[in-house]
Amino acid sequence: MNKLAIQGSQWGDEGKGKIVDYFSSRADVVVRYQGGNNAGHTIVFENQKYAVKLMPSGIFHKGVKCVLATGMVINPISFFEELEILKKANFDVSQVFISSRASVLLPYHQLLDGASEKVLKDKKIGTTGKGIGPCYEDKYARIGLRFCDIIDENRLKKHLKSALEFKNRELESYSLDKLDFDSLFNQINEYGKKIKPYVCDTSKLLQEEIKKGSKILYEGAQGAMLCINYGTYPYVTSSSPMAISIPLNCGIPLNSVDYVLGIAKAYTTRVGEGPFPSELFDGTSVYLREKGHEYGTVTKRPRRIGWLDINVLNHAANISGVNGWAITLLDVLTGLEKIKICVGYRYQGNIVNDIPASLEDYEQYEPVYETLDGWNEDISHVKSFSELPINAQKYLRKIEELTHVNIAMFSVGPDREQTVIISDPFEDK
Ligand code: IMP
């Protein structure tokens, strides 16, 4: 149990940052394996709030190696903005490693993200506007720049020149101004020089750490339902937040993950567009949004709110193999008289439990609920499962029963201390 994967198992924002941070003090290495600064992890530490977007959450613990792996798309400008904030707050940033094969997110990606969303109008994805999709597009179109390309002036010149030819045509097609090669080159060359000490073959680094028996934490961003392959396509992000993508995204063998900890909020949220069968539009959604501070870390958008959807959890678990759940924000449900769980969907007269491939089908799925009694007792200081009010215990047991996966831990507040472990997934055997 040395190699633990943290996987968001809904539509992101499950509170992964807090869980990763919780285990980071025991890790030798923390790895981000996909996405970029579309993610936003907020952790509360000694009453101080810290938000990281690119940096693995291990950065808050001295001596932990922080790896930004090959599957990521990294904006060098944002990387240094974050690094400076962390340095000023006296966090140790000397052990940060960026994959030489990771994709470089450049200013034109962000411009194109905004432009394509505008063209899509009411069919827009509702992206974070950070350029994530366009950067992955370039990767797969084989015109992207990788970090090995920008740390060498001559290589940068060659690769940027040919990429910009395509990109300027694209910018023009959206009636945007073309970018000037020289000024972009000078800007990125400066960042290339600055970033060089952080760039290495992280696949080799991780292989060596695995051989040594180091404790490794793989930190997923977003959530399973935003997976490019198995999420609510096209309303997804452009990478796979599923734990099964870890070996490929990190350049390590298939057996490099011992345990997948599925992170699930005690209810459901989503930002951006796309289907969400258990979404609420009544007073309960307002109550949960305000109580759970459900506003995007990156974009500050109010999150859409709904009841817990078991079908979503099972989808994530069936595809990537969840070994245990971490149920977060349980305290936010306190005070509700009744709590519903979406246990199936009604579709064309039948009860179904799958997440269909087709968006048009999923939009017709209507939630089928089971209703449980709520609780009023303050649970924010609870230290064990048995200290929970009986109805909160029943709620958690119901999740286990419906998913056939045990709850390894739950969280009752934003602080590190407000975390209750039932069975430790990161313990040495
Ligand atoms: P993109 O990743 O910016 O391209 O956005 C694609 C979709 O993923 C949009 O619906 C975003 O709101 C959503 N998304 C991206 N990152 C996150 C996240 O960290 N939390 C929740 N939703 C996200």
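If you're wondering where the values come from, they're calculated on a predicted model, not measured in any experiment. Numbering of ligands and ligand atoms starts at 1, following listing order.
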Quiz item: Could Glu294 and Arg303 be called an ion pair, given the rule that one side-chain N must be under 4.0 Å from one carboxylate O?
Solution: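 Here Glu294 pairs with Arg303 in a salt bridge, since their nearest N and O are under 4.0 Å apart.
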
Exercise. Kindly say whether the aromatic ring centers of Tyr362 and Tyr345 come within a distance under 6.0 Å.
Key: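 When the ring centroids of Tyr362 and Tyr345 are compared, they turn out to be within the sub-6.0 Å range.
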
Exercise. Under 4.0 Å, heavy atoms only, figure out whether ligand 1 is touched by the backbone of Tyr235, its side chain, both or neither.
Key: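 For Tyr235, there is no contact with ligand 1 at all, from either part.
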
Quiz item: What class does the angle between the rings of Trp11 and Phe276 fall in, given that below 30° is parallel, 30 to 60° is tilted and above 60° is perpendicular?
Solution: tilted

Do any nitrogen or oxygen atoms of [X] lie less than 3.5 angstrom from nitrogen or oxygen atoms of ligand 1?
X: Arg270; value: no
X: Thr127; value: no
X: Asp13; value: yes

Give a yes/no verdict on a cation-pi contact between [X] and [Y], requiring under 6.0 Å between NZ or CZ and the six-membered ring centre and an angle within 45° of the axis.
X: Lys194; Y: Phe80; result: yes
X: Lys3; Y: Tyr218; result: no
X: Lys118; Y: Tyr174; result: no
X: Arg397; Y: Phe385; result: yes

Just to confirm my output: which protein heavy-atom neighbour is closest to [atom], and how far is it?
atom: atom 17 (C) of ligand 1; result: Gln222 CG, 3.5 Å
atom: atom 3 (O) of ligand 1; result: Thr128 OG1, 2.6 Å
atom: atom 7 (C) of ligand 1; result: Val236 O, 3.7 Å
atom: atom 10 (O) of ligand 1; result: Val271 O, 3.3 Å
atom: atom 2 (O) of ligand 1; result: Thr237 OG1, 2.6 Å

Non-hydrogen atoms of [X] versus ligand 1: any pair closer than 4.0 Å?
X: Arg301; answer: yes
X: Gly126; answer: yes
X: Ser238; answer: no

Quiz item: If hydrogens are left out, which of Ile132, Leu226, Ile125 has an atom nearest to atom 8 (O) of ligand 1, that is, the closest non-hydrogen atom?
Solution: Leu226

Practice problem: Measure from atom 19 (O) of ligand 1 to every heavy atom in Thr269, Asn38, Ile228 and give the option owning the shortest one. | Solution: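 Checking each option, the heavy atom nearest atom 19 (O) of ligand 1 is found in Asn38.
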
Quiz item: Checking Arg169 side chain against Glu172 main chain: does a donor-acceptor pair fall under 3.5 Å?
Solution: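 No; zero donor-acceptor contacts below 3.5 Å.
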
Quiz item: Any donor-acceptor pair under 3.5 Å linking the side chain of Arg416 with the backbone of Asp21?
Solution: no

Exercise. For Ala39, take its heavy atoms, then give the atoms of ligand 1 lying under 4.0 Å from any of them.
Key: 19 (O)

Exercise. Output the list of atoms in ligand 1 that are nearer than 4.0 Å to some heavy atom of Trp11, sorted by atom number.
Key: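 The list of qualifying atoms is 21 (C), 22 (N).
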
Quiz item: Side chains of Gln348 and Tyr365: is there a donor and an acceptor less than 3.5 Å apart?
Solution: no

